[in-house]
Amino acid sequence: MALLFRRPKGTEDVLPDRVGYWQFLEGKVREVASRFGYGEVRTPTFEEAELFARSVGEDTDIVSKEMYTFEDRGGRLMALKPEGTASVLRAYLEHGLHKGGGLTKLYYISPIFRYEKPQAGRYRQSHQFGAEAIGSGEPSLDVEVIDLALSIYRELGLSEVSLLLNSIGCPKCRPSYRQELLKFARAHREELCGDCRRRMETNPLRLLDCKVEGCGRIMAQAPVISQYLCDECREHFEEVKGGLRSLGIPYREESKLVRGLDYYTRTVFEVVHGGLGAQNAICGGGRYDGLVEELGGPPTPALGFAGGVERTLLAMEAEGKLPELDERVEVFVAYLDDPGREALPKVLSELRRAGLRADGSYTGRSLKSQLRQADRMGARYTVIIGGEELAKGMAIVRDMELSEQREVPLDGTPKVLREKLG
RNA sequence: GUGAGCGUAGCUCAGUUGGCAGAGCAUCAGGUUGUGGCCCUGAGGGUCAGGGGUUCGAAUCCCCUCGCUCACCCCA
């Protein structure tokens, strides 16, 4: 109990009894993303801190107070990546992927780091899977990206998911909405909570999703962004919604949905899950038509999303959709005496070379305890070797389920067991 | 950063008005020659999160620290 070391706050050890759930999820992400034509990218765990300041936004919480930054030995200011998109776009530009013309579709699975106070579904190191589609402003691409995200959840067996959708306009129309919103908020300043008064200065759009009851009541009367979209943004939004409808994807238009990263334009969306507690978003994404240019590339429309691995696993657990994991060994090897003990490594190795999942006793205990161990490991068969049988070139093969056993030529056991296990 | 709840065996948890540190599960060993599960018997395993205080005596009462959990903020 008085441990010398414990894991850093907000991090998790995934032990073998659960790691299969992660592998299952990662496998589904890869399978579905590849079916949609997205290729995997793996970017560094840390980048220049400036990359995130430029993309995510200097004044966002993520950059201003949640980044793990450090100076390397060369005096460069680096940061553990707090989200995935910036790195992907940096790699996209660095390798000239934009020069091929056309659309680039990438996905990733990556750890991310944010200095937060942990709570249910929130960690300091968490993991995200995400996709970015770079190079087209077509509304149909928005639909594809949303379809991809939802397809992953569907393939994981989740059903209690809802898609929230909004458009937050573009640099042309958003400022005028912002003005109207601020005007409204100033008029009700005295009725708003302290956080909201602060938001009026920092990020007025966030006024919309304050959870304080009084604020919610007031902001329900606030101007709605859809009334202020420019013609192009309005048309884009309509086409996205039409595309979703034609795919039979239900969505809830959420005029109060804004997102915490500065780079979003037009379409923003979130996937929420009913079984999660306070942190109920399992996925967030949107269009970021100005970001590639902001990072030094040519003007390039794009969009993407990121889903939380931990939250998705929590959602699967809440719905009872975690897969059954089979970690049982197929064959256990036990020994009776010293000659048996000496022969064990070779017998075990041959079983493994024959492709069987095999394990053996290394503990130097009684046969009884070895069989107990075999039982606990779920072994379907146990090979028992002893001097008497070895002298005849034989081994005992015991069927643990039927409690039956017989002698089999030792060098034929891998073949026999392979056939039995079919 | 703010607030609340909780820290007793590997795990889940009891522990009375302050009076010898407990159970179940798990682990290990036995229950007659070289055979698992069910059952029976036994064993190991504790700085009661850590430190200080009150007291004849503290897991229990008080203070501080640390950790965990949940919520706010924010977000995946």
Side-chain angles (χ1 to χ4, degrees), chain A residues 1-3 5-12 15 17 56 59-66 81-85 109-130 149 153 193-196 198-199 202-203 206 209-212 257-261 270-273 276-285 304-315 332 334-337 339-340 361 363-389 396-405:
Chain A
M1 193 98 316
L3 296 169
F5 300 105
R6 353 174 99 255
R7 65 185 189 273
K9 185 197 285 277
T11 65
E12 281 193 317
L15 302 181
D17 63 334
V56 178
D59 299 326
T60 58
D61 279 12
I62 290 176
V63 169
S64 65
K65 50 189 205 200
E66 294 179 356
K81 61 182 165 188
E83 59 107 38
T85 301
I109 303 172
S110 163
I112 64 150
F113 305 84
R114 292 180 195 170
Y115 192 86
E116 304 221 42
K117 193 147 173 183
Q119 71 185 70
R122 202 168 67 182
Y123 313 88
R124 288 187 175 177
Q125 172 173 351
S126 69
H127 300 77
Q128 292 185 345
F129 55 89
Y153 292 118
C193 71
D195 280 331
C196 280
R198 184 175 50 77
R199 289 188 184 104
T202 56
N203 191 347
R206 296 225 71 90
D209 63 357
C210 181
K211 289 173 193 93
V212 174
L257 175 67
V258 293
R259 309 223 10 100
L261 290 67
E270 224 167 69
V271 179
V272 296
H273 190 272
L276 287 191
Q279 310 301 321
N280 67 344
I282 55 177
C283 176
F305 74 86
V309 172
E310 287 85 351
R311 286 185 190 178
T312 300
L313 290 171
L314 287 171
F332 188 85
Y335 59 83
L336 291 163
D337 48 22
S361 175
T363 49
R365 291 201 286 244
S366 66
L367 180 62
K368 182 182 185 134
S369 84
Q370 293 180 65
L371 282 168
R372 233 194 326 260
Q373 189 185 351
D375 190 57
R376 216 173 22 232
M377 293 171 107
R380 180 66 214 277
Y381 295 96
T382 298
V383 174
I384 304 169
I385 47 180
E388 201 179 301
E389 289 78 5
I396 299 165
V397 172
R398 179 174 178 83
D399 183 323
M400 299 297 281
E401 223 163 87
L402 303 176
S403 297
E404 288 170 4
Q405 64 187 44

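Residue numbers begin at 1 in each chain, while the letters A, B, ... track the order of the sequences.
Spacing between atom CG of A:Leu367 and atom C1' of B:C28 amounts to 17 Å, rounded to whole angstrom units. Between the P atom of B:G34 and the CD atom of A:Glu389 lies a distance of 12 Å, rounded to the nearest Å. Per the geometry, CG belonging to A:Leu15 stands 12 Å off P belonging to B:C11, to the nearest Å. In this entry the distance linking CG of A:Asp399 with C1' of B:U35 reads 14 Å, nearest Å. When rounded to the nearest whole Å, the span between CG of A:Leu336 and C1' of B:G34 equals 5 Å.
Taking the salt bridge (charged side-chain N to carboxylate O under 4.0 Å, His left out) definition, one finds that A:Arg206 meets it with A:Asp209, sequence neighbours left out. Taking the side-chain contact (heavy atoms from CB on, under 4.5 Å) definition, one finds that A:Leu336 meets it with A:Leu367, A:Ile384, A:Glu389, sequence neighbours left out. Under the side chain to side chain donor-acceptor pair (under 3.5 Å) criterion, A:Asp399 pairs with A:Arg380, not counting sequence neighbours. Residues passing the side chain to side chain donor-acceptor pair (under 3.5 Å) test with A:His127 are A:Gln125, A:Glu310, sequence neighbours excluded. Residues satisfying the salt bridge (charged side-chain N to carboxylate O under 4.0 Å, His left out) criterion with A:Lys65, sequence neighbours excluded, are A:Asp61. By the salt bridge (charged side-chain N to carboxylate O under 4.0 Å, His left out) test, A:Glu66 pairs with no residue at all, sequence neighbours left out. For A:Glu116, the side chain to side chain donor-acceptor pair (under 3.5 Å) test picks out A:Arg122, with sequence neighbours left out. With sequence neighbours left out, the side chain to side chain donor-acceptor pair (under 3.5 Å) criterion links A:Gln373 to no other residue.
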Sugar-phosphate or base contact per nucleotide [nucleotides 37-44 of chain B; S, B, -; heavy atom under 4.0 Å]: B-------

Protein proximity profile, nucleotides 66-76 of chain B - base contact B, sugar-phosphate-only contact S, no contact -, cut-off 4.0 Å on heavy atoms: -SS-SBBBBBB

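Nucleotides B:A23 and B:G15, compared at atom P, are 15 Å apart to the nearest Å. Taking atom C1' on both nucleotides, B:A26 is separated from B:C62 by 38 Å, rounded to a whole Å. Across the C1' atoms, B:G30 and B:G36 are found 16 Å apart, a figure rounded to whole Å. Taking atom C1' in both B:C48 and B:C61, one finds a spacing of 16 Å when rounded to whole Å. Comparing the same atom, P, in B:A4 and in B:A9 gives a spacing of 27 Å after rounding to whole Å. Between the P atoms of B:G46 and B:U32, the separation comes to 32 Å (whole Å). Rounded to the nearest Å, the gap between the P atom of B:U16 and that of B:A49 is 15 Å. Atom P of B:G57 sits at a distance of 39 Å from the matching atom of B:G1, rounded to the whole Å.
Donor-acceptor pairing under 3.5 Å, judged by distance alone, is absent between the side chain of A:Gln370 and the base of B:U35.
Heavy-atom minimum distance, A:Tyr335 versus A:Ser361: CE2-O, 3.8 Å. Looking at every heavy atom in both residues, A:Gly121 comes nearest to A:Arg311 through O-NE, 2.7 Å. Nearest heavy atom pair, residue A:Thr382 against residue A:Ala374, reads OG1-CB, 3.6 Å.
In this structure, A:Glu404 reaches neither bases nor backbone, as no heavy-atom distance under 4.0 Å exists between it and the strands shown.
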Protein and nucleotides 25-27 of chain B: nitrogen or oxygen contacts under 3.5 angstrom:
{"unit_1": "B:U27", "atom_1": "OP1", "unit_2": "A:Arg376", "atom_2": "NH1", "d": "3.1"}

Does the side-chain contact (heavy atoms from CB on, under 4.5 Å) test come out yes or no for A:Thr312 and A:His273, once each step is laid out? CA-CA 9 Å; A:Thr312 300; A:His273 190 272; over 6 Å; no

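Remark: the backbone N or O of A:Gln405 is not paired with any side-chain donor or acceptor of A:Arg398 at under 3.5 angstrom.
The CZ atom of A:Phe305 sits 10.0 Å away from the OG1 atom of A:Thr85 when rounded to the nearest 0.5 Å.
One finds no side-chain N or O of A:Thr382 lying less than 4.0 angstrom from the OP1 or OP2 phosphate oxygen of B:U35.
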Given the rule that a pair is Watson-Crick or G-U wobble with both distances under 3.5 Å, how would you write RNA chain B in dot-bracket, using | for pairs to a different strand? (((((((..((((.....[..)))).(((((.......))))).....(((((..]....))))))))))))....

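For the pair A:Ser110/A:Lys81, a side-chain contact is recorded, criterion being any heavy-atom separation below 4.5 Å from C-beta on.
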